[in-house]
Amino acid sequence: MSARMNLFTNPTTSGTLKHFVAAGQVIAKSSLPSATQELVKIRASQINGCGFCTDMHTKEAAAAGESAVRLSLVAAWREATVFTDAERAALELTEEATRIADAAGGVPDEVWANAVKHYDEEQLGALVSLIALINAFNRANVIVQQPAGDYRPGQFA
């Protein structure tokens, strides 16, 4: 399988992706825990059916020391006992924000209130930005059918 187009050689998409990457660097430097950041990226990518991003972020998380058990259970986080309450709040916010079109009222107040219990204002800003950003990356990759499976940790560092 090959992508419909190369996002990195197309002048418009490569320029856009450079800005996405720069935004990601700002988020990565935030106080939102890096493990939470990877869990959020994985869960949104799973929901959006983005194999490329799911491959990338599970491999990056594993390389950073994330356990295979936790990585295997991201999609079933509600039933899993391996996530903290804060991580669960981030995953819930990720799901609701990623599936925003499924709920006429957007992200429910109780989901937001739960996130507020666990994250300060700066971390919430990072979480909102990260969810929006990973959804943008997912959409670009899904549109062009970016193949998955060959990503190497640190490939884009």
Side-chain angles (χ1 to χ4, degrees), residues 7-8 13-78 80 82-103 105-144 146 148 151-157:
L7 294 173
F8 303 105
T13 57
S14 68
T16 301
L17 290 176
K18 285 178 187 176
H19 290 288
F20 284 11
V21 169
Q25 291 169 344
V26 172
I27 298 163
K29 293 176 186 173
S30 75
S31 63
L32 184 65
S34 58
T36 302
Q37 291 185 38
E38 289 300 332
L39 295 173
V40 164
K41 290 183 241 183
I42 293 165
R43 188 63 191 125
S45 299
Q46 290 170 335
I47 292 166
N48 289 323
C50 184
F52 183 82
C53 288
T54 301
D55 180 42
M56 171 193 276
H57 296 296
T58 55
K59 287 176 179 174
E60 289 291 349
E66 189 62 78
S67 76
V69 170
R70 282 170 45 96
L71 291 174
S72 296
L73 290 172
V74 172
W77 66 267
R78 281 184 173 80
V82 296
F83 301 105
T84 67
D85 288 343
E87 290 168 336
R88 296 168 71 74
L91 289 166
E92 182 179 35
L93 183 60
T94 300
E95 286 192 2
E96 292 294 333
T98 299
R99 294 183 167 131
I100 203 162
D102 297 341
V107 174
D109 289 340
E110 57 272 10
V111 171
W112 180 256
N114 191 33
V116 168
K117 289 181 201 173
H118 300 283
Y119 299 102
D120 64 26
E121 191 76 14
E122 195 249 342
Q123 292 169 323
L124 287 167
L127 192 53
V128 168
S129 298
L130 179 59
I131 294 166
L133 183 62
I134 192 60
N135 274 280
F137 272 121
N138 291 165
R139 280 153 176 74
N141 285 316
V142 169
I143 290 167
V144 301
Q146 190 69 35
Y151 181 81
R152 296 173 317 278
Q155 182 173 327
F156 295 123

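Position 1 is the first residue of the sequence; numbering continues from there. Note that the structure is a prediction, hence the values are computed from the model and not measured. Because only heavy atoms are used, hydrogens play no part in the values below, and waters and symmetry mates are left out as well, while side chains stay in.
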Approximate separation, where rounding is to 0.5 Å, of [X] [atom1] and [Y] [atom2]:
X: Leu32; Y: Asp120; atom1: CG; atom2: CG; result: 9.5 Å
X: Leu130; Y: Glu38; atom1: CG; atom2: CD; result: 8.5 Å
X: Ile131; Y: Asn135; atom1: CD1; atom2: CG; result: 8.0 Å
X: Glu121; Y: Ser31; atom1: CD; atom2: OG; result: 11.0 Å
X: Thr58; Y: Gln46; atom1: OG1; atom2: CD; result: 8.5 Å
X: Asn141; Y: Leu7; atom1: CG; atom2: CG; result: 6.0 Å

**Request:** Evaluate the side-chain proximity of Pro33 to Gln123: yes if any heavy-atom separation is below 4.5 Å, no if none is.
**Result:** yes

**Request:** Apply the test side-chain contact (heavy atoms from CB on, under 4.5 Å) to residues His57 and Val40: give CA-CA distance (whole Å), side-chain angles for both, the deciding distance (0.1 Å), then the verdict.
**Result:** CA-CA 9 Å; His57 296 296; Val40 164; over 6 Å; no

Under 3.5 Å, is there a donor-acceptor pair between the side chain of [X] and the main chain of [Y]?
X: Gln155; Y: Arg152; answer: yes
X: Ser129; Y: Gly125; answer: yes
X: Asn48; Y: Ala44; answer: yes
X: Arg43; Y: Leu39; answer: no
X: Arg99; Y: Ile47; answer: no
X: Arg88; Y: Phe83; answer: no
X: Glu122; Y: Ser30; answer: no
X: Tyr119; Y: Leu127; answer: no
X: Glu96; Y: Leu93; answer: no

**Request:** List the steps and the verdict of side-chain hydrogen bond (donor to acceptor under 3.5 Å, both in side chains) for Trp77 and Glu92.
**Result:** CA-CA 9 Å; Trp77 66 267; Glu92 182 179 35; over 6 Å; no

Give me the atom names and distance for the closest heavy-atom approach of [X] to [Y].
X: Val107; Y: Trp112; value: CG1-N, 4.4 Å
X: His118; Y: Asp85; value: CE1-CB, 3.5 Å
X: Ile100; Y: Gly106; value: CG1-CA, 4.0 Å

**Complete:** Residue set satisfying side-chain contact (heavy atoms from CB on, under 4.5 Å) with Ile143, at least two apart, ordered chain then number -> none

**Message:** Once side-chain contact (heavy atoms from CB on, under 4.5 Å) is applied, do any residues pair with Val21, and if so which ones, sequence neighbours excluded?
**Reply:** Gln25, Phe137

**Asked** Should Ile134 and Phe20 be marked as a side-chain contact (heavy atoms from CB on, under 4.5 Å) after you check the CA-CA gap, both sets of side-chain angles, and the distance that decides it?
**Response** CA-CA 9 Å; Ile134 192 60; Phe20 284 11; over 6 Å; no

**Request:** For side-chain contact (heavy atoms from CB on, under 4.5 Å), just list the numbers for Gln146 and Cys53, CA-CA rounded to whole Å, side-chain angles, deciding distance to a tenth of an Å, and then say yes or no.
**Result:** CA-CA 9 Å; Gln146 190 69 35; Cys53 288; over 6 Å; no

**Prompt:** Should the pair Phe52 and Tyr151 be assigned to parallel (<30°), tilted (30 to 60°) or perpendicular (>60°) ring geometry?
**Reply:** perpendicular

**Request:** Using the test salt bridge (charged side-chain N to carboxylate O under 4.0 Å, His left out), find all partners of Glu60 that sit at least two apart in sequence or belong to another chain.
**Result:** none

